[in-house]
Amino acid sequence: MRMREAARKLQVSARMLRHYEAAGLLRAARLDNGYRSLSEADVQRAAWVRDLIAAGFSTREVRALAAALDAGAGPPICTAALRNKLEQIDRLVDALTNRRRRVAERLVRQQQAVAASSTSDHGKEGPGDGNPEHSGAPVSAPGRPR
DNA sequence: CTTCTCACA
DNA sequence: TGTGAGGA
């Protein structure tokens, strides 16, 4: 099959399949006209790649894992890689949790400082303030430049 | 329809 | 990591 059908089967853009191949994660035969021809095995391989990347593996990691697998390594290699990634994610979650806590603490102190200055002689509290305190509320970041 | 490259978020 | 433009 050609790119369009394979992409449809995989629920991925044909663009991504070319991307994967350019990254050395996939290998597809070519027709006489230069078009790619993907076998069912190619599609399954692509699905495997897609899932690993969705799970947070980098192209390097997938490439290395695929190479090891092609070199005759068994499923234990995949198991080890998965366990490894799991621990990596755990460490990441830890780091982010710490970040979140630090930001939350900073916010509390800042608001305490604001409250203290407003109760002293400078009572210039403009109408435009309003500072609702949410502890665990997800705070969006609207300040992205365009 | 497919291919590729360049640029960008 | 993933996409859009633009040309062949």
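Chain A is the first sequence line, chain B the second, and so forth, proteins listed ahead of strands; every chain is numbered from 1.
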Report the nucleotide, chosen from [options], that has the shortest atom-to-atom distance to any side-chain atom of [X].
X	options	result
A:Ile53	C:dG2, C:dT3, B:dT3	C:dG2
A:Arg30	C:dT1, B:dT3, B:dC1	B:dT3
A:Met16	B:dC4, C:dG2, C:dT1	C:dG2
A:Arg4	B:dT3, C:dG2, B:dT2	B:dT2

*In terms of heavy-atom contacts, does CZ of A:Arg102 have more than 12 from other residues, nucleotides or ligands at under 6.0 Å?*
no
*Should we say atom CD of A:Gln110 is surrounded by more than 12 heavy atoms from elsewhere, each under 6.0 Å from it?*
no
*asked:* Stem finding on DNA chain C, please: runs of three or more consecutive Watson-Crick or G-U wobble pairs, both distances under 3.5 Å, sorted by first number.
replied: B:4-9 with C:1-6
*May I ask you to list the residues of residues 17-25 of chain A, by number, that have any heavy atom positioned under 4.0 Å from an atom of DNA chain C?*
A:His19, A:Tyr20
*State, to 0.1 Å, how close A:Ala7 and A:Ala14 come at their nearest heavy-atom pair, and which atoms those are.*
CB-N, 3.6 Å
_Show the nearest heavy-atom pair for residues A:Met3 and A:Leu17, with the distance to one decimal._
CE-CB, 3.5 Å
What's the [atom1]-[atom2] distance between [X] and [N], to the nearest Å?
X	N	atom1	atom2	result
A:Asn33	B:dT2	CG	C1'	8 Å
A:Met1	B:dT2	CE	P	13 Å
A:Arg60	C:dT1	CZ	P	10 Å
A:Leu38	B:dC1	CG	P	16 Å

_Pair A:Glu105 + A:Arg101, salt bridge at N-O below 4.0 Å_ = yes
*What nucleic acid atoms does A:Arg50 come within less than 4.0 Å of, heavy atoms only: base, sugar-phosphate, or nothing?*
nothing
*Evaluate the side-chain proximity of A:Phe57 to A:Val49: yes if any heavy-atom separation is below 4.5 Å, no if none is.*
no
*Given B:dC1, is OP1 or OP2 found less than 4.0 Å from the side-chain N or O atoms of A:Arg2?*
no
*Give a yes/no on whether any side-chain N or O of A:Ser13 is located under 4.0 angstrom from OP1 or OP2 of C:dG2.*
no
*Name of the residue among A:Arg63, A:Arg27, A:Arg45 meeting salt bridge (charged side-chain N to carboxylate O under 4.0 Å, His left out) with A:Asp70*: A:Arg45
*asked:* I need the A:Met1 CE to A:Leu38 CG distance, nearest 0.5 Å.
replied: 7.0 Å
_Under 3.5 Å side-chain donor-acceptor pair for A:Ser39 and A:Asp42_ = yes
